[in-house]
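Structure first, commentary second.
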Amino acid sequence: MTATVTSPLVSDCIRALDVVVIGSPSGERVERFQGALARLGAPPARIVSYLDLLDGGPPPGLLRPGTLLRLESPDRDLELLRAFLALGVDLEDEEGEYARMTRKELEEAPLDPHRILCPRQWFLGYREALRRISRSFGEQARWMIPPGAVLEMSDKPLCHGLLRRYGIPVPRGLGVVRSYEELRERMRQTDTPRVFVKLAHGSSASGVVAYQTNGRSHRAVTTTEVARTPLGVSLYNTKRLRACREEREIATLIDELCRHRAHVEAWYPKAGFRCRTFDLRVLVIAGEARHVVVRTSRSPITNLHLADDRTVGRATLEELLPSWGQAAWEAARAGCERAMAVWPDALYAGFDLMVSSDRKGHALAEVNAFGDLLYGALHRGQDPYEAEVRAAVEREAAV
Amino acid sequence: MILTRIQAVFSESGHGSSTRSTQTLQVRRGSMAIYDHITEFMGQRVQDWEPGDPVADPEGTAYRLSVDWDEAEEGVEWTAKFAAFLDDPSSREVTGLVVGPWGQVATGEASSGPVVEAIAAARDRLPRLRSLFLGDITSEEAEISWIVQSDVSPTLAAYPELEHFGVRGGNSLAFGTVRHDRLRTLIIESGGLPREVVTAVLSAHLPELRHLELWLGDGEYGGDADVTDLQPLLSGEQFLRLEHLGLRDSEFSDEIAAALARSPLLDRLRVLDLSLGTLSDAGAQALLDCPAVRRLRKLDLHHHYCSEAMVARLEALPVEVNASDPQEPDEDDGDSYRYVAVSE
């Protein structure tokens with residue numbers, strides 16, 4: 001492990017660091033971030049909830065000269081979930097009509113963390129929140145990741161299109177579809193028998209369906225379920241992986257996903273490792289790929305949160321390299337770093353990297369603005385948060 | 001009393017209406033998909049070959065030719081890539097060939113027919129071919145039961161010196177009448193092997209066969225053979241040189257075990273592989289009660305439904321035993337279900 005040598009200038013900057021985290025004050029991420037600051041010898045960050053910033057500018061005194069702003073994932077904070085949905089109730093959607101909950105339905109809805117509630121409406125609300133925050137903080141605000149970049153990464157169709165335009169390898173896109181029928185037609189037109197259908201604004205494996213058909217047989221693998229309750233039809237993230245072969249049920253699920261905006265990509269055949277599929281989460285910080293976590297699965301979908309840990313697992317890059325090859329890894333790493341350059345003002349991002357079935361190629365599945373919650377991952381002796389903070393300070397010191 | 005029935009996880013056949021209610025069921029922990037390309041086949045290292053690559057080690061390396069999705073979209077054909085391979089003078093020395101995806105194998109339209117035809121037609125260009133694996137396709141490329149095979153017997157007929165033949169995919173697979181004086185290894189991997197194929201193979205004239213491996217699979221995916229179809233094999237009258245027998249991924253592993261225990265076939269085997277199937281204590285007991293089992297070198301039973309106590313007894317045999325990956329039957333409404341590992 002290489003010891004990180006800190007110049008006196010950087011040490012001083014760390015001790016004088018002032019970080020404000022905008023997120024969910026009670027969340028695990030904030031706690032871990034504070035731990036990292038403490039280990040670095042930096043003062044604790046000041047934590048502000050998104051909720052406190054929605055109605056006007058930053059509270060007086062929040063921003064000091066040199067304050068570094070960190071946007072954190074609203075994650076599973078149900079109060080924030082409700083707030084963004086509420087903000088999104090009446091907002092215009094330039095992409096068309098997607099499912100909405102009324103204010104009344106929102107108030108009455110029991111907030112089950114497994115229920116997927118109008119993700120497009122949530123995104124409209126979150127986007128509005130970030131726009132207000134960004135405007136009110138002004139041009140001089142120093143963001144670890146600018147709000148605009150966060151929004152682009154959180155919009156799968158937009159992000160996919162951006163990466164493609166910049167020449168970053170991504171699976172072939174089939175665009176946004178509005179129904180199962182349209183999906184089948186698009187698959188026919190493009191000669192694509194196997195696809196991944198994803199919610200445009202879902203987190204990781206939320207609302208992902210690996211679907212294939214040869215015209216006669218159908219198969220959909222997913223952790224997402226449609227349930228009919230007295231409240232109506234709802235989507236749920238379950239912790240169980242299911243395979244469905246009945247077309248009507250698959251159509252119902254996909255129609256429901258489409259109501260919330262669904263983005264479709266060709267199923268990118270991935271390489272295997274020890275009888276499992278895998279992908280890599282690569283955290284790029286200050287233009288350099290740092291922390292790497294290998295996620296394995298006994299199904300086509302990686303990055304799952306399941307109750308059953310025999311289906312998903314972890315491996316290390318070192319274990320993977322002998323069969324993958326150093327050259328192929330370096331090409332993939334460079335690919336992630338090039339993708340990071342699509343957002344030159346963003347200090348870091350998490351990239352979901354897939355390796356092609358012949359192990360020679362790679363493609364990006366997703367970009368994650370909050371992709372740095374990586375348990376146990378160390379790079380040069382630092383966890384992701386330590387590395388980000390140091391990089392932020394070094395970036396400032398270099399200016 | 002618990003009714004023990006062997007059933008498919010997925011109850012729709014895709015060929016019309018089902019006799020059982022269609023259900024969405026949990027992906028079982030024990031279900032297995034093939035995610036790795038083979039790295040070794042019959043003692044040879046497998047290596048991808050693309051036009052422009054040298055054929056540097058025809059003795060020790062089996063060359064894999066594939067046409068993946070993107071290439072197929074650009075109009076690349078497997079037969080054209082194969083022709084380019086044959087144009088390299090060094091390919092005359094090649095002893096091992098692996099066929100990976102031959103185009104858009106997931107669409108249900110890309111049959112292996114043209115591949116089989118091309119390989120058969122190349123008999124004079126590959127005079128030293130000894131090993132052939134047809135269908136090194138992972139689940140990420142196509143589900144095993146969605147691979148469209150064809151009548152593969154022309155390849156056997158065209159290469160009388162062939163020693164090792166493997167094929168993956170039971171859908172549309174046929175063998176015709178098989179006579180081959182030199183074949184030592186025959187491996188058929190599938191999620192459901194049709195009875196006709198089982199019958200054709202077990203009545204084939206293969207006097208030199210040392211290694212036979214059949215993945216019998218799931219009735220819902222075409223695996224409609226039963227233990228009576230194995231009779232020509234179990235009688236002991238076939239394949240007098242057989243040393244390694246795999247009757248894998250079977251819905252009737254217990255019955256196979258019981259029949260084998262009564263069969264003279266066991267006397268000549270060194271390796272018995274009943275893995276990936278539904279073996280329970282009943283079948284395991286039959287094996288334990290059979291003296292010939294003790295003379296095996298290796299007994300592979302991984303992915304099974306035996307109790308811990310039974311596993312302990314199996315592992316106490318003076319034989320190399322693999323009894324890993326134990327499964328729990330699914331209990332539903334008083335019924336108990338055991339599943340094969342590879343079906344779809």
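Per chain, numbering begins at 1; letters A, B, ... match sequence-line order.
- Proximity to chain B (any heavy atom under 4.5 Å) is restricted, for A:Thr190, to the backbone atoms N, CA, C and O.
- With a 4.5 angstrom heavy-atom cutoff, B:Glu109 does not touch chain A via any of its atoms.
- Ion pairing of B:Lys81 with B:Glu50 is present here, as a side-chain N (NZ or NE/NH1/NH2) and a carboxylate O approach within less than 4.0 Å.
- Contacts between A:Arg172 and chain B at a heavy-atom distance below 4.5 Å involve the side chain alone, from C-beta outward.
- Ionic pairing of A:Arg184 and A:Glu247 is present here: one or more N-O contacts between side-chain nitrogen and carboxylate oxygen are shorter than 4.0 angstrom.
- Heavy-atom distances place no part of A:Thr222 under 4.5 Å from chain B, backbone and side chain included.
- In this structure, chain A has a heavy atom under 4.5 Å from the backbone of B:Ser139, while its side chain stays farther away.
- Heavy-atom pairs under 4.5 Å with chain B were tallied for A:Pro269, A:Ser323, A:Ser356; the largest tally goes to A:Pro269.
- Side-chain N/O atoms of B:Glu141 and A:Ser357 include a donor and acceptor closer than 3.5 Å.
- For A:Phe278, no part sits under 4.5 Å from any heavy atom of chain B, backbone or side chain.
- A donor-acceptor contact shorter than 3.5 Å links the side chain of B:Asp249 to the backbone of B:Val342.
- Between B:Leu274 and B:Ser250 the shortest side-chain heavy-atom distance does not fall below 4.5 Å.
- Contact of A:Thr238 with chain B is not made at all, since no heavy-atom distance falls under 4.5 Å.
- When each of A:Arg274, A:Arg276, A:Gln212 is checked for heavy-atom pairs under 4.5 Å with chain B, A:Gln212 comes out on top.
- Side chain of A:Thr277 to backbone of A:Ser297: a donor-acceptor contact under 3.5 angstrom is found.
- With a 4.5 Å cut-off on side-chain heavy atoms, A:Lys156 and A:Glu265 do not count as touching.
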